[in-house]
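Written out below as structure tokens is the structure these notes cover.
As the structure lists them, so they are numbered: ligands from 1, and atoms in each ligand from 1.
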Amino acid sequence: MRIAVPNNILALDNILPDEPLLMMGAGPVPIPAKVAAANGIVINHLGDTMAHIIEQVKVMSRYVFQTQDGRILGVAGPGSAAMEMAVVNLVLPGSKVLSICNGFFSHRLAQMAQRVGAEVVQLAIEDGEGADAQRVEQYIIQHQPQVLTIVQGETSNTVCNNELAAIAAIAKQHDCLVIVDAVCTLSTMAFDMDEWGVDAVITGGQKGLSCIPGISLVGFSAKAWQHIEERKDQLKHWCLDAKLADQFWYKKSYHYTAPVSGILAIHEALRLVCSETLSVRFDRHLRCSQALQAGIEAMGLSLYVKPQARLNSVVGITMPRGVESKALLSTMSKRFKVEISGSFGPNIVRIGQMGEQCRAHNLFRTLHAFGASFNLLGQKLDLPAGMAALESALNKFQFSEGL
Ligand SMILES: *Cc1c(COP(=O)(O)O)cnc(C)c1O
């Protein structure tokens with residue numbers, strides 16, 4: 001043996017903080033105890049128990065996606081693997097794709113389509129704005145794409161494409177398949193796969209669903225599935241081949257060893273969504289996010305996106321001059337054990353409002369840590385006014401809605 005046993009390796013207990021940090025950034029988010037417990041279990045990936053669980057995951061996913069007959073497939077991988085699964089199975093080399101680009105993640109869909117060998121037209125949306133349905137229609141008429149890609153919530157700059165339903169309807173009129181990235185928004189705000197005519201829905205575990213990272217779901221419409229079945233060329237991706245994944249998800253046979261613990265975890269995450277019901281969950285997300293936004297503004301800070309295009313699932317706050325976002329994040333983490341996110345582009349910090357992040361106790365702790373950290377860094381904010389605004393916004397519904 002030429003490689004010696006490594007020394008100085010610490011056990012996790014000696015690396016991780018005694019008390020977990022409160023994860024209030026743009027994902028991963030805190031997970032419910034049932035999800036964490038499920039993630040600790042390993043079972044036979046091809047046994048009857050697994051088959052039962054897979055059936056339930058599909059039924060619950062159809063509710064969460066709002067689809068009668070959508071084809072639900074799981075992916076062992078990040079949200080990006082689910083994005084790639086939708087793209088490589090629906091986009092033919094040499095075909096035309098229109099990618100609506102609001103920011104980092106929607107641009108990733110364009111890159112994936114380019115790698116498949118499609119001719120990709122990008123419609124770059126001005127930072128801070130949602131895509132305009134009429135403008136998208138002009139592009140569709142001009143370029144005649146076979147596939148359109150779009151994000152519901154652009155996590156990177158905290159913009160929401162509120163005209164998504166209209167855009168999907170227009171694409172449908174022009175016989176164009178619609179791929180929607182709903183990683184951060186699914187189960188946090190309205191999404192209706194069948195009603196809106198969406199052909200592929202992408203979600204990941206660690207955002208809206210409040211599950212672990214590394215397990216994701218894709219839903220294909222009947223039309224998309226027909227397109228996949230009729231494809232003559234062989235996919236270059238083996239793991240992401242939807243027809244091979246279908247062997248496991250619909251035919252009880254082997255594709256690759258499914259991430260059993262992750263599937264159990266997402267089962268529990270979906271079950272909690274079902275027991276809460278989508279409408280109550282949407283309401284909880286909206287009210288919590290708006291209360292947080294009110295608190296931030298009352299402290300004297302500005303939100304990055306105007307109300308009409310603002311994403312509620314992840315709140316972007318413009319950094320005031322004089323404070324570095326790095327210093328803020330580090331103070332919040334070290335002093336208050338609360339983690340929020342910086343940004344890849346604009347000078348903002350981001351606070352998540354996905355799943356378990358939308359709980360009153362987490363909001364109070366986060367807003368306090370946020371305002372107090374600014375004050376420690378010399379940017380004097382009106383912390384009591386912020387906390388009072390949060391309190392009064394939450395109080396309106398806190399006791400009736402089980403926050
Ligand atoms: C986080 C995110 C992704 C990517 O998910 P990963 O699990 O990091 O691959 C894609 N789209 C959106 C909108 C996201 O928020």
Show the distances, to 0.1 Å, for all pairs joining an N/O atom of ligand 1 and a protein N/O atom that are shorter than 3.5 Å, listing one pair per line.
unit_1   : atom_1 : unit_2 : atom_2 : d
ligand 1 : 7 (O)  : Gly79  : N      : 2.8
ligand 1 : 7 (O)  : Gln206 : NE2    : 2.8
ligand 1 : 9 (O)  : Gly79  : N      : 3.3
ligand 1 : 9 (O)  : Ser80  : N      : 2.8
ligand 1 : 9 (O)  : Ser80  : OG     : 2.5
ligand 1 : 11 (N) : Asp181 : OD1    : 3.3
ligand 1 : 11 (N) : Asp181 : OD2    : 2.5
ligand 1 : 15 (O) : Thr155 : OG1    : 2.4
ligand 1 : 15 (O) : Lys207 : NZ     : 2.6

ask   = Does the distance from a Lys or Arg side-chain N to an Asp or Glu carboxylate O, for Asp175 and Lys223, drop under 4.0 Å?
value =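 Judged by the 4.0 Å cut-off on N to carboxylate O distance, Asp175 and Lys223 do form a salt bridge.
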task = Decide if atom CD of Glu324 counts as having more than 12 heavy atoms of other residues, nucleotides or ligands within a radius under 6.0 Å.
result =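 No, not enclosed.
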ask   = Is the backbone of Pro346 close enough, under 3.5 Å, to the side chain of Tyr304 for a donor and an acceptor to pair up by distance?
value =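 Side chain of Tyr304 to backbone of Pro346, a donor-acceptor pair under 3.5 Å: no, none is there.
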ask   = Do Ser333 and Glu339 have side-chain N/O donor and acceptor atoms under 3.5 Å apart?
value =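 Yes, Glu339 and Ser333 have a side-chain donor paired with an acceptor closer than 3.5 Å.
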ask   = Only one of Asp241, Leu90, Asp246 forms a side-chain contact (heavy atoms from CB on, under 4.5 Å) with Ile228, so which one is it?
value =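 Testing each of Asp241, Leu90, Asp246 against Ile228, the sole residue satisfying side-chain contact (heavy atoms from CB on, under 4.5 Å) is Leu90.
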inquiry  = Distance check, rounded to the nearest 0.5 Å: His174 atom NE2 versus Leu98 atom CG?
reply    =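 Atom-to-atom, His174:NE2 and Leu98:CG are 11.5 Å apart.
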